Amino acid sequence: MPPGPIGMHVCGPTVYQRIHVGNARPFIFSMWLRRWLELSGYQARLVLNVTDINDRIHDAARAQGIGSAELARQATQWYFEDTSALGLGRPDVEPLATETVPEIVALIGELIAGGLAYESAGDVYFRVARFPDYGLLSGARPEDMVAHEPGPRKEDPRDFALWKANKPREDTWWPSPWGRGRPGWHIECSAMAEKHLGPRFEIHGGGLDLRFPHHENEVAQSRGAGREFARLWTHNGMLELRAEKMSKSVGNIVSLRASLEAWGREPVLVFFLNAHYRSAVEYSDAAMEAARVQVADFRAAARVAEPRPSAFTWDSFRAALDDDFDTPRALSILHAWRAAGQVELLGRGLRVFGLAIDVDGTEAPPEVHRLAEARQAARKGRDFRDADRLRSEIDRLGWDVQDGSGGAFRLVRKRR
Ligand SMILES: [Zn+2]
């Protein structure tokens, strides 16, 4: 039995407009990874935060003539709607920065007490010179910090803000020992990860663009305050757009919602499966069309009558995902199973990624499977109260779970 539980913190979006399809990548990847860890017998807990305090929110709200709190609330709702439409379920905790201000203020207070931070005219800055390991994560030098956060109130141009004094043009603020203001962005993740996962956790994720300075600063804050913090980092590659192609179809900035409306959720998921999470991936109509064709091929597999032997077993598939979550290799195995008419293995493999071959609605959707698997795990751990709760949730979604021998189960659609 693997050691558990596995805590995961992933940096989520800043909410001021509909999220870009590229912002869906950390969400999709971390939901897949959580599911894969659970299927591998781990207990996993995913915290994916929402940054609802930020300069961009203030700027966008002012441009639209509405309050920034109102815009952040609206855009958070859009984010929940659009990512729910991916059909992968939700993370375990989705903390908002605005809900975490007391923990943020406390952590800043600790850093000041330890000499790693200082107050200056209502701002609070992290003293980069006092954290010798600065740069270990990203390879950046403290000097590289200078361009990112200019500010005349700093002791040292390399220092970065933990707390920002309220400016006259900002319509949201919180009280603090340093006067009214708002948290900096980096400190929010240090405080949230600790609040929901404890001082040490296993996996920290987010886009490659966040490695420096955001994640480097998170490490400085949390380790500086004596926490062990994250043990492993998973940085996903960026999504690139071919501008001339995009402008013809859905505009230069493609929102997740626009992509889902144009292509449907399964092609969006298969599009991301095609690339290893660490690689950059290019979003284009041609790439989405290729993903759509793959989905159609998987669906057609359900109609192949005679299965033929395949060189790939479930262990081959497992090995691909256990090897730094190699989804392109897993996808090629799914296609090999499809070509061989191995519908059972194909369906099982697709469900890992929230996909299904079934088109007539007789197969339970991936979210119901996930609940049923969680129920099996609860039964195995003799947590019958949780098992009952999960059964009623499955029931509420219109499915009945029937137990077989050795932990096997079957999902049957309930008659209405
Ligand atoms: Zn973060």
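Values below: every heavy atom of this structure, side chains too, minus hydrogens, waters and symmetry copies. Note that this is a predicted model, so its numbers are computed, not measured.
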Taking the side chain as every heavy atom from C-beta outward, state whether [X] and [Y] have any pair of such atoms under 4.5 Å apart.
{"X": "Pro102", "Y": "Trp174", "answer": "no"}
{"X": "Leu210", "Y": "Trp185", "answer": "yes"}
{"X": "Val15", "Y": "Trp78", "answer": "no"}
{"X": "Asp403", "Y": "Arg379", "answer": "yes"}
{"X": "Val254", "Y": "Tyr283", "answer": "yes"}
{"X": "Arg18", "Y": "Leu256", "answer": "no"}
{"X": "Arg73", "Y": "Leu71", "answer": "no"}
{"X": "Leu371", "Y": "Leu397", "answer": "yes"}

Can any side-chain N or O of [X] pair as donor or acceptor with the backbone N or O of [Y] at less than 3.5 Å?
{"X": "Asp133", "Y": "Leu136", "value": "no"}
{"X": "Asn49", "Y": "Cys189", "value": "no"}
{"X": "Ser40", "Y": "Tyr42", "value": "no"}
{"X": "Thr327", "Y": "Leu273", "value": "yes"}
{"X": "Thr100", "Y": "Glu103", "value": "no"}
{"X": "Trp32", "Y": "Phe353", "value": "yes"}
{"X": "Gln221", "Y": "Ile187", "value": "yes"}
{"X": "Ser68", "Y": "Ala61", "value": "no"}
{"X": "Glu240", "Y": "Glu282", "value": "no"}
{"X": "Arg231", "Y": "Phe201", "value": "no"}

Gap between atom [atom2] of [Y] and atom [atom1] of [X] - 0.5 Å precision:
{"X": "Asp209", "Y": "Asn236", "atom1": "CG", "atom2": "CG", "value": "8.0 Å"}
{"X": "Glu94", "Y": "Thr76", "atom1": "CD", "atom2": "OG1", "value": "10.0 Å"}
{"X": "Asn166", "Y": "Asp171", "atom1": "CG", "atom2": "CG", "value": "9.0 Å"}
{"X": "Arg265", "Y": "Leu86", "atom1": "CZ", "atom2": "CG", "value": "8.0 Å"}
{"X": "Thr14", "Y": "Asn54", "atom1": "OG1", "atom2": "CG", "value": "4.5 Å"}

Considering all heavy atoms of both residues, which atom of [X] and which atom of [Y] are nearest to each other, and what is their separation?
{"X": "Arg338", "Y": "Asp297", "result": "CD-O, 3.3 Å"}
{"X": "Val47", "Y": "His196", "result": "CG2-CB, 3.7 Å"}
{"X": "Val10", "Y": "Ser30", "result": "CG2-CB, 3.7 Å"}
{"X": "Ile104", "Y": "Ala191", "result": "CG1-CB, 3.6 Å"}
{"X": "Met192", "Y": "Val50", "result": "CE-O, 4.2 Å"}
{"X": "Tyr134", "Y": "Glu216", "result": "CZ-CG, 3.7 Å"}

Worksheet entry | Criterion side chain to side chain donor-acceptor pair (under 3.5 Å) on Arg90 and Thr83, from CA distance to verdict | CA-CA 8 Å; Arg90 301 300 315 169; Thr83 45; 2.8 Å; yes
Is the closest side-chain donor-acceptor distance between [X] and [Y] under 3.5 Å?
{"X": "Glu194", "Y": "Ser222", "result": "no"}
{"X": "Glu218", "Y": "His214", "result": "yes"}
{"X": "Asp159", "Y": "Tyr118", "result": "yes"}

Discussion item. As a quick check of understanding, evaluate salt bridge (Lys or Arg N to Asp or Glu O under 4.0 Å) for Arg329 and Asp324, giving each step before the final call.
Written reply: CA-CA 11 Å; Arg329 202 162 106 212; Asp324 199 18; over 6 Å; no
Carboxylate-amine/guanidinium proximity below 4.0 Å for [X] and [Y]:
{"X": "Asp388", "Y": "Arg391", "value": "no"}
{"X": "Glu202", "Y": "Arg200", "value": "yes"}
{"X": "Glu289", "Y": "Arg292", "value": "yes"}
{"X": "Asp156", "Y": "Arg130", "value": "no"}
{"X": "Glu110", "Y": "Arg227", "value": "yes"}
{"X": "Glu373", "Y": "Arg35", "value": "yes"}
{"X": "Lys164", "Y": "Glu170", "value": "no"}
{"X": "Asp55", "Y": "Arg182", "value": "yes"}

Worksheet entry | Trace of the salt bridge (Lys or Arg N to Asp or Glu O under 4.0 Å) decision for Lys414 with Asp400 | CA-CA 6 Å; Lys414 290 187 349 186; Asp400 188 32; over 6 Å; no
Worksheet item: Which is it for Arg348 and Glu344 under the salt bridge (Lys or Arg N to Asp or Glu O under 4.0 Å) test, yes or no, and what are the steps along the way?
Response: CA-CA 6 Å; Arg348 187 177 170 197; Glu344 195 79 10; over 6 Å; no
Practice prompt. Kindly indicate, with the supporting measurements, whether the criterion ring pair (Phe, Tyr, Trp, His ring centres under 6.0 Å) is fulfilled by Phe272 and Phe29.
Written response: CA-CA 8 Å; Phe272 282 111; Phe29 167 65; over 10 Å; no
Worksheet item: When the aromatic ring centroids of His335 and Phe298 are compared, is their separation below 6.0 Å?
Response: yes
Worksheet item: Tyr125 and Phe160: aromatic ring centres closer than 6.0 Å?
Response: no
Discussion item. Check for me whether Arg211 meets the cation-pi criterion with Trp233, that is, NZ or CZ under 6.0 Å from the six-membered ring centre and within 45 degrees of the ring axis.
Written reply: no
Discussion item. The test is side-chain contact (heavy atoms from CB on, under 4.5 Å); show your working for Leu88 and Leu269 and say whether it passes.
Written reply: CA-CA 10 Å; Leu88 299 174; Leu269 295 175; 3.9 Å; yes
Item to complete: Go through Leu411 and Ile394 one step at a time and tell me if the side-chain contact (heavy atoms from CB on, under 4.5 Å) criterion holds.
Response: CA-CA 9 Å; Leu411 286 160; Ile394 294 164; 4.1 Å; yes
Worksheet entry | Verdict with reasoning, Asp59 to Arg56, per salt bridge (Lys or Arg N to Asp or Glu O under 4.0 Å) | CA-CA 5 Å; Asp59 295 345; Arg56 277 179 285 174; over 6 Å; no
Worksheet entry | Intermediate values then yes/no, side-chain contact (heavy atoms from CB on, under 4.5 Å), Leu239 and Phe271 | CA-CA 11 Å; Leu239 184 108; Phe271 164 76; 3.6 Å; yes
Item to complete: May I have the step-by-step check of side-chain contact (heavy atoms from CB on, under 4.5 Å) for Leu334 and Phe312, ending in yes or no?
Response: CA-CA 9 Å; Leu334 292 173; Phe312 298 103; over 6 Å; no
Practice prompt. Output, in order, the C-alpha distance, side-chain angles, deciding distance and verdict of ring pair (Phe, Tyr, Trp, His ring centres under 6.0 Å) for Phe317 and Trp337.
Written response: CA-CA 10 Å; Phe317 184 79; Trp337 285 337; 5.5 Å; yes
